[in-house]
Every structure is written in structure tokens, then in C-alpha cells.
Amino acid sequence: PEDVATYALYLGDDALMLAQRLGYWISRAPEMEEDVALANIAQDQLGHARFLLSYAGSAWGKTEDDLAYFRDANDFRSCRLVEQENGDFGQTIARQLIFATYQYELFSRLVESQDETIAAVAAKALKEVMYHLDHAAQWTLRLGDGTEESHRRMQEGLYYMWPYVEELFADDDLLRDLAERGIAVLPSTLRESFDQRIQPIIEQATLELPNVTGAYGGDRLGRFSEHRSHILGEMQVLARQFPGATW
Amino acid sequence: PEDVATYALYLGDDALMLAQRLGYWISRAPEMEEDVALANIAQDQLGHARFLLSYAGSAWGKTEDDLAYFRDANDFRSCRLVEQENGDFGQTIARQLIFATYQYELFSRLVESQDETIAAVAAKALKEVMYHLDHAAQWTLRLGDGTEESHRRMQEGLYYMWPYVEELFADDDLLRDLAERGIAVLPSTLRESFDQRIQPIIEQATLELPNVTGAYGGDRLGRFSEHRSHILGEMQVLARQFPGATW
Amino acid sequence: RAGQERFDQIIAEDSRIEPSDWMPEGYRKTLVRQMSQHAHSEIIGMQPEANWITRAPSLKRKMILMAKVQDEAGHGLYLYSATETLGVPRDELVRQLLDGEAKYSSIFNYPAMTWADVGAIGWLVDGAAIQNQVPLCRASFAPYGRAMVRICKEESFHQRQGWEILYELSNGTPEQKAMAQDAVNRFYGPALQMFGPPDDDSPNSQQSMAWNIKRFSNDELRQRFVDMIVPQAQALGLTLPDPDLKWNEERGHYDFGELDWGEFMSVIKGKGPCNVQRMQRRREAHENGAWVREAASAYAAKQASRQQDAADTHLIGA
Amino acid sequence: RAGQERFDQIIAEDSRIEPSDWMPEGYRKTLVRQMSQHAHSEIIGMQPEANWITRAPSLKRKMILMAKVQDEAGHGLYLYSATETLGVPRDELVRQLLDGEAKYSSIFNYPAMTWADVGAIGWLVDGAAIQNQVPLCRASFAPYGRAMVRICKEESFHQRQGWEILYELSNGTPEQKAMAQDAVNRFYGPALQMFGPPDDDSPNSQQSMAWNIKRFSNDELRQRFVDMIVPQAQALGLTLPDPDLKWNEERGHYDFGELDWGEFMSVIKGKGPCNVQRMQRRREAHENGAWVREAASAYAAKQASRQQDAADTHLIGA
């Protein structure tokens, strides 16, 4: 069960970090409708995170909050994409477009996981992620094919996020083992459908696929991100100030 | 000695918070010369802070780091001005102009403090603060009388910072008592010379004194600032993760 | 005038005015002012609580807090829409806010400094808002009333959630309880002032009551609020910071002490701890978002012209 | 050509070339490339350490760290100035950096994730830089050599400070020691790669040595560095992550294992963990500062024209 739990951390930490990043936008969005939309997406991701961390924690006798608030940076298993800074709205949308496309492909396959809990989370999340993808795609079109400035910013946003795409599709021993047992999806097998889904959106938005290579690293061990410790420092500050307290 | 120690906290916490804010600029300044200049000012302020916190700590058997890293937000005694966000460079310069002018007037008088340590800090700091004031005044001129955009931004920076001016000159019982004993300077007695010094700079920069009232509060008890807990959360994160460690 | 007569009759019958109905200019103006202030308050009111989203101390609380701040954005949007039915577009209302011409509730000029403040805002500020808003569900202007019905449902959740935050703190460690008490100490007075100045000093109230916009006087609403929160505070095990607060058997209400109206007036006039900060944040969000809104318009215009081209082509082809 | 002869003679005598002297175009180009890369490295190299200024765990360390990052800005400035003597203005050099045409040392594309990384960067990265730079104090191009003298003095402080950070950690709690070891594990290999590829794969080195710019080969410098840090690591009580590292009595040097040159080349080609992040931050600082630099120029122009007006008035008056 520990390997499944670790897999649940992979999935859950991604969702948690993204929720944390998106949560910052609420009250700062470029239009009030977007305060609502980004809050929606943040809550969906936080919902996935809570479910997955609770599930992971059951293997170790820990709660979702134990895992979210009392693990140190090098114990998290999130990918670097979701840890990237919000930047401007174009950069946030670029991150959303990439991650929602990836999550959509992933959850579409995970609904058939041999692990019932993971299959159930995926089934629930899939509908939400379809909305996230639609939201990101719509904004990619508007920004890419909007004004000269928005085109430039959206293109830059894609450029700044693209180095972290490769990592999403990196396999490791745990994933290979779980995939063989029908529990996980081997990330590398999602890349083709990811490309096929995201490329037409980028093209329709009159944007180009960024000409930038993947960033070295990609082992979900946090060995290559300067952002993670900043995110956790803020997220955990109050919980750690009162260890053992309930809220 | 506890009342003098508390006064040292007033002065030292101001310097510490400002050093923390300015430290963020290093590597992000609008020109490389400014990375150097802001780092200089930050180090000067941090130097004052260390001296003053050590002095304050001697009354309670605490070190500078005990006081900087292990006090909670409501135990700090900084004014709100230095806790304000950096904003753009114009906002930072506005904060610098106001604070350096205030500190210059304050230290010019504190060199005659009956408390030898405080008099000595003030004497040393005074020369540094003259440079800070000159730096801020020069930039105020350049930005105020530069381009249309820089004029607008500098004026906005002054507007956003001005509500926190009043607090700098607020007296309280501790200050009144210490002033009577010739140890502290009563802040209200500095206001006139502050105005006489800062107004000509603002005018020469073709700027206007902001038409905005002082923000309610001003008791140095942190009862009115949303920023302080953010600053401390970041500043203290590592030290608190390893209580009792040395570095 | 037939319009005036019909309007007076609707008011007399306590029926509802629709946007298409004739209405006196003063009535329209009063509503635009009140409804847009209300909308602005929801939007500015997001800030103190949003300040704690990234630091909420449990995932459950983070979830609830995000939902709450989202609801506030939603309320702002309903209320701007309802105000637009009176002929003033949202852009113009937002401009009035950003230029400092329009007001919003002064309570949001107080900072949310601790996690307990999030609880106190939910319990006291949303609690006071509900007292104000429940009667507004029957406001004579129909779109306002309808917006209020929807909003009040959500606000009562919020109040409950705020109370729960304080309950957990009050039953937690001594530090947590102290944090809760401190928050209540700071928000109690300003929350009571949310009902506006005492009736003697509230000249506009009477006209609003005659128009069936307002149903109860400021002091009546304040009394109801105090009567509601005293037992809730007892259940929390927290003290309300008013030595004069006590049950008056004769009146069947709680007596309470004089509020600091000097402070109230000075906060309204811009002297609050966060007035400038709130406006700066709102302006920055607006300005940083300008290129996004422009892009959305430009894209919409392109799409419309593409559809027109397609339609033209179709006509020519036909 | 007399210029070439004189140049050759200066080189043969191991004397110094001044900017006003004639020099071959290849020499000039090589220097512009090397010196500006060096300057860019100082500027980009501020970022990993600046990442910890706001979180330094003691005030003393915060002070030292601010001073160090400040020194790097200062070094960048000297080196840009020295490069400008070769006829390329700083604006153009900065443009090359921002457009990705110019390179900077690959080591700065690794992240500073923990506080111990600040120590490892000081000890290993500045340590390697010193090995590289000390011989450059005698570089044939005089302004480069002069800049290096100044820089080397400060770098040796930095290395010492980095070592001290690691020493405190290594002698601290088990978690602190683990943090230090982890940082050394991550920075050891990349630090050794700072001397460039093995001599066999370093085609430009020979010309640079002939011109008395470079004094020692990459592999010679790397060996000196290893020989220097092994006893320092022992004094720290930390392990260097190389199983092949051992004293070779015969050579009188430490042997060490093959480095991962595949990773080195891929980081140079943009695949490092932080390449894009570093460039984004630098571009943002530059773009966000554009209005400030424009204001400074506009102000300077106004001042100059005011002085001119004053001078004219004076002439007319005279």
C-alpha cells in the first residue's frame, strides 16, 4: 500500500501546490469573473489534493493536514510546473493550459485504475478538469489572438512554462511497477495525446510551440526547484506555529 | 533599563523591517548600480538593527537573533511605514525618502541622548542616513522631474506611503518619560523639521504633497498592519524550523 | 404625472418596482448609490480574508475560505448586475470606486492581522451584514430584493463558518483562545458601526424607509444584532469588549455602551488603517488586468467580424 | 604591420596590453567574449544566493549574504567597465545577455534550494572561481588583470564565508549536517565542471594561452582545485561525492573520477534546472526598470539643457 500511497502523493501534491498558487489570485484577478473562475479551479484542485492526501495518509496513519503542513520541502512529490510562480495572467494561463491538458489525459486513463479509490478520484476529477482545460484554452485563444501585447505575453508565458513539460511525462521505477499492476498510468504513454491535444489550441491561438528544451531534473524529489520552499514557508507558517493545535 | 530596551526595540525593529524589505531588491533593481546602492542601505539598516537589538536584548538576557527570529508579530515595535510593500521603484523611493528624512532628524537629535549607547548608535548611523537621504532625494528628483510616467509613479508612491507618516511622530507614555529623562527624542518635536526638509525636495521634484490623511493606529503595537506577519513568516521560517540551532 | 402616481401606489401597497417602471430620480439615485456601495463592499471585502488564503492552517479551512471569498466576488457581480438595471453600466460604477468617488463599507478598512480575524469577520461582520440584508430582501426595488435573497442564503453560511473558526480557537490552546479574544475585541465596535450612525444623525434613513428600501432604523438593526451575538459570544466562551453590556429586563433587550463615533467618522473620511492599501490593491488588480480585458475585447471583435465575413461569404455564395 | 609586431613583443615579454594599444581582432574578440561572460556570470550569479537573503537564519548571516551578493553586482560592474575599454558599450553587452546570445557560467543554472546551498556555493563555486581568476590577474590585457586583482581579494572572503556556513551546519544538529552534505553532493560535480571541458575537448584554450590570457589548462586548474578542497572537506567532516577520489602518492595529487560531461553539455545548451528561470528574472528586472532608467536619462538631459540655458544667459548678460 505504501507504493500506492506514494503515487497518491505524486497526484495530490501536484494538486495542492497548484491550488496554493491559484489561491493567491483570488481578489487580484484581471476581471471579477476571473476571481470566481480561478477560485473555482483552485477549490477543485484543493479538493483532489485533500482526497488524495487523505488516501495516502491512511497508509502511514497520517491525516491530510499532517502531510500538507508537517512535511518538509524534500518530502513533497510535486512536479515543478505547478510550483512555478504565477507571473502575469498569461503565465498563469500557460501553466493552466499545460497542466489541465496533462491532467485531462491522465485522469481519462486513471478512471480505469485497478485501485478503486484512485479510479474514483479520477472519475470525479475528470469532469472538473474538462472545465479547467476549457477555461485555459479559451483564454489562450483570447490572449494569443487578442492584442499585440497579449500575444507577446501569452507567448512568453508558454516559453517560461515549457521547460517543465518534459518532467510531467517522465517515468520512474515506482510508476513502472504500478503501471504494470494497472494502478498507475505510465506518464510517457500520455505524451503523444498531450501533444495532439495542446498543439492545435496553441496554433489556433496564433501562437508557437516554444523552442525551449526541458529543464534537467524531473524526479519529483524537489531537488531542482527554488520555489517549493517559498510556497511551503507561506502555506505552513501558521500550522507550524501551533503544532498539535486544531482549527 | 527595560524602558530603554523597549525604546531600542522601537528603533531597531524599524531598521530590521526596512532592511528586510530592501534586501528583496538585491538582484532585482532597475539598474545594476542600484543593486549596489540598495544593498548598501539595507546593510546599514541591518547594522543599526543588530546593534539596537543586541542592546535591547541585554536587558532581558536575549541575543539579537532571539529577538529577531523568535518574537511573534505582536511583540515587534516597528512602525507601519517600513513594513509597507516595496511596490515599484517609485514606491520604494517614496518610503526611503520619508524614512530617511525622519531618521535623519531623529538621529541628529539622538546623538545627544543621555544614554551613551543610543547616542553612539545615533552618531554612527547619522552619517549613513545622510547618504540614504541623499540617495532618496536624488531619485525623487529624477523620477519626479523625469518622464511623464516616472512622475506619475513617483507621485503615486508618495500617495501610498503618506498615510504612515503621522505615526512616525506620535508620542506615547514611554517616549514622553524617556524624553523627559533626556534619553529619547519626543517624536512630535521632529515633525516641523521633517516637513521643512522634505517639502522642498518634493517641490523641486515637481511633485505635490499627497492629499491623504494619516492612517488610524500608530501605536507601534502592530495592531493595524497586515504586512508584518507576512514579513516575519518569511524572515523567521528557517530559524524556527531548527530551534536552538546555530548558524 | 401618471408615473408618480403609479409609483406611489406600488410603494403604498408594498409591492415591487421593476426596472422598466417609472421611478422618481431621487429613488433611482438612492438605489444606485446604495446598491453600488454594497457591490463595492463585497469586492473590497474580499481583501482582508484573501490575505489568509495562502496561510489557512488546515486544508479544510483553506477550502472554506476560498469558497467564501469567491462568494463575495459573486455577490459583487450580482449586485453590479442589479445596479445596471438602473441604467448605470458596471464600468462606470467601477470607475467611481477606483477614483474614490464611491464609498464601500468602512469595516473593510480594518486589517485582518491574524487567523482569528478571519473568524471574527465571518461571525461579526457577516453577522451584521445579515441583519442589514434580510430586510432588504423585501426592498421595493425588485432586482435588489432578488439579489439579496440569493446573497443572504450564502451569508448565513459564512457567519456560521466564522463562528466555528472562533469556536475551535476558543476551545484550543491558550494562545489560540487569546488570539480569538483579541480579534473579537478589535472587530466588535466596528461591526456595531456597520449599521450606520445613530438614528438622530442619519438624515437619509427616513426617505429610504418611506420608499420601502430600508425597513428598520440603524439603531433597531444594531439592537437586534447585539441581542443576537451576546448568547453566541457566551457559547464561544469569549467576552464582548463592552463593560456596559447587560440584559435589560424591562426593555427585553441588551443595553450596550456608547460607540466611538469619532473613530467611525474618521475611518469614513479615509483615516482607517487600510483605506489607502485597499484602494491600491484594487487599482493594481484593475490596472494589471487591463491588457487582459483589452485582449478579450479585441478577440471578441475579431470573432464577430469573422462571423460577419462568414455570413457575407454565405450571402454572396447564395 | 608595426602594431602586430609591437603586440607580439609585448606578449613575448609577458607585459601588458592597454586599451589604446593596437591588438589583433581575434584577441579583442576573445577578450570581449570572455570578459563579458564573466560579467554576466556575476550578475546572473546573484540570483541563487539572493534567493536566501530574506530567509537567512541569523542576522549576521543575513548581513554577510547581502554584502556578498552586493559584491557580485560590483564585480559585474567592474567587468563591464573593463570590457567597455575594448569598444563595446555595456548596453550592447547586456542586450546580448538578455537576448540569449551571450553565455554565463552554467553553474548558476543550478538552484539554491536550501540554506546549505548558500554555503556550498561560497565554498565550492567561489573556490573554483578563485582558481580560475588568480592566474587571470596576470592576463595580458591590463584592465582585465586589474579588475581581477580587485575581484580576487573579495572572492577569497566569500569562499571562507561559504566554508564557515558549512562548518556551522556540519557541527550542528544531524538535520543541519545532512543539509550540508546534500548541498555538497549536488554542487561538487558542477563546481569541477566550472573549469570547462577536458583539455582534449577545449580547442580555444591553446590560443588563449598563447596570448597570455589563460595561464593554465582546464585540467590543470581542476586538479589544483581538487587538491585544495579535499583537505577542506575533511576539516568540515563532509564527504565529497566521488568514490574514485584518492591521494596518488606518485603524482602528488588527488585522483578523481570522470565527470558527467553529458550533463554539462546539456546544461550549457539550456537544459539546466534554472536556465529559463534565471533569464526570466533578469529580463523582468531589466524591463521593470526601463521606466526608471528612462526617467534618469530624461532628468539628466533636462539638467544639461538647464545648465546650457544658464550658461547662455550668462553669456548674453556678459
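A, B, ... follow the sequence lines: proteins, then strands. Residue 1 opens every chain.
Per-residue heavy-atom pair counts under 4.5 Å with chain A were compared for C:A295, C:A300, C:G74, C:A50, and the maximum is reached by C:A295. Interface summary for chain A: among C:R293, C:E168, C:K60, C:Q70, the most heavy-atom pairs under 4.5 angstrom belong to C:Q70. Your options are A:Q241, A:E148, A:E149, and the one with the most heavy-atom pairs under 4.5 Å with chain C is A:E149. Here A:S150 is the residue among A:A68, A:G244, A:S150 with the most heavy-atom pairs under 4.5 Å with chain C. Between chain A and the residues C:H286, C:E284, C:Q176, the largest count of heavy-atom pairs under 4.5 Å involves C:Q176. In terms of heavy-atom pairs under 4.5 angstrom with chain A, the leader among C:G172, C:A285, C:G76 is C:A285. Among the candidates A:M154, A:E34, A:E31, A:E33, the residue making the largest number of heavy-atom pairs closer than 4.5 Å to chain C is A:E33. The choice from A:M235, A:R50, A:H151 that makes the most heavy-atom pairs within less than 4.5 Å of chain C is A:R50. Per-residue counts of heavy-atom pairs under 4.5 Å with chain A were compared for C:E287, C:R61, C:R281, C:Q47; the largest is that of C:R281. Chain A forms more heavy-atom pairs under 4.5 Å with one residue of C:M46, C:M66, C:E164 than with any other, namely C:M66.
With a 4.5 Å cut-off on non-hydrogen atoms, A:A49 does not touch chain C at all. The parts of A:L141 that come within reach of chain C are both its backbone and its side chain, each placing non-hydrogen atoms under 4.5 angstrom from that chain. C:Y167 does not touch chain A: none of its heavy atoms, backbone or side chain, sits under 4.5 Å away. The part of A:V237 that comes within reach of chain C is its side chain, from C-beta onward, which places non-hydrogen atoms under 4.5 angstrom from that chain. At a 4.5 Å heavy-atom cutoff, the contact between A:R153 and chain C is made by side-chain atoms alone. Contact annotation for A:F89: both backbone and side-chain heavy atoms come within less than 4.5 Å of a heavy atom of chain C. Both the backbone and the side chain of C:L59 come within less than 4.5 Å of a heavy atom of chain A. Only the side chain of C:T173 has a heavy atom closer than 4.5 Å to any heavy atom of chain A. For a residue to count as touching a neighbouring chain, one of its non-hydrogen atoms must lie under 4.5 Å from one of that chain's; by this rule A:L38 does not touch chain C. When heavy atoms are compared at a cutoff of 4.5 Å, C:I43 approaches chain A solely by way of its side chain, counted from C-beta outward.
The number of heavy atoms from other shown groups lying within 6.0 Å of CZ (C:R160) does not exceed 12.
The aromatic rings of A:F99 and A:Y102 sit tilted relative to each other, their planes meeting at an angle between 30° and 60°. Ring pair A:H132/A:H48 is parallel by interplanar angle, where below 30° counts as parallel and above 60° as perpendicular.
In this model, a donor atom of one side chain and an acceptor atom of the other lie less than 3.5 Å apart for C:Q96 and C:E92. Using modelled atom types and a 3.5 Å distance limit, the side chains of A:E208 and A:Q155 yield no donor-acceptor pair. For C:Y80 and C:H40, the side-chain atoms include at least one donor-acceptor pair closer than 3.5 Å.
Going from atom CG of A:L16 over to atom CG of A:L11 covers 12.5 Å, rounded to the nearest 0.5 Å.
A salt bridge links A:R228 and A:E83; the closest N-O separation between the charged side-chain nitrogens and carboxylate oxygens is under 4.0 Å. Classification of C:D91 and C:R95 as a salt-bridged pair fails, no side-chain N sitting under 4.0 Å from a carboxylate O.
Judged by distance alone, the side chain of A:N40 and the main-chain N or O of A:A37 form no donor-acceptor pair under 3.5 Å.
Taking the centre and axis of the six-membered ring of A:W139, the NZ or CZ atom of A:R142 falls inside the cone set by 45° and 6.0 Å.
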As a quick check of understanding, evaluate salt bridge (charged side-chain N to carboxylate O under 4.0 Å, His left out) for A:D13 and A:R71, giving each step before the final call. CA-CA 11 Å; A:D13 286 346; A:R71 271 184 301 162; 2.7 Å; yes
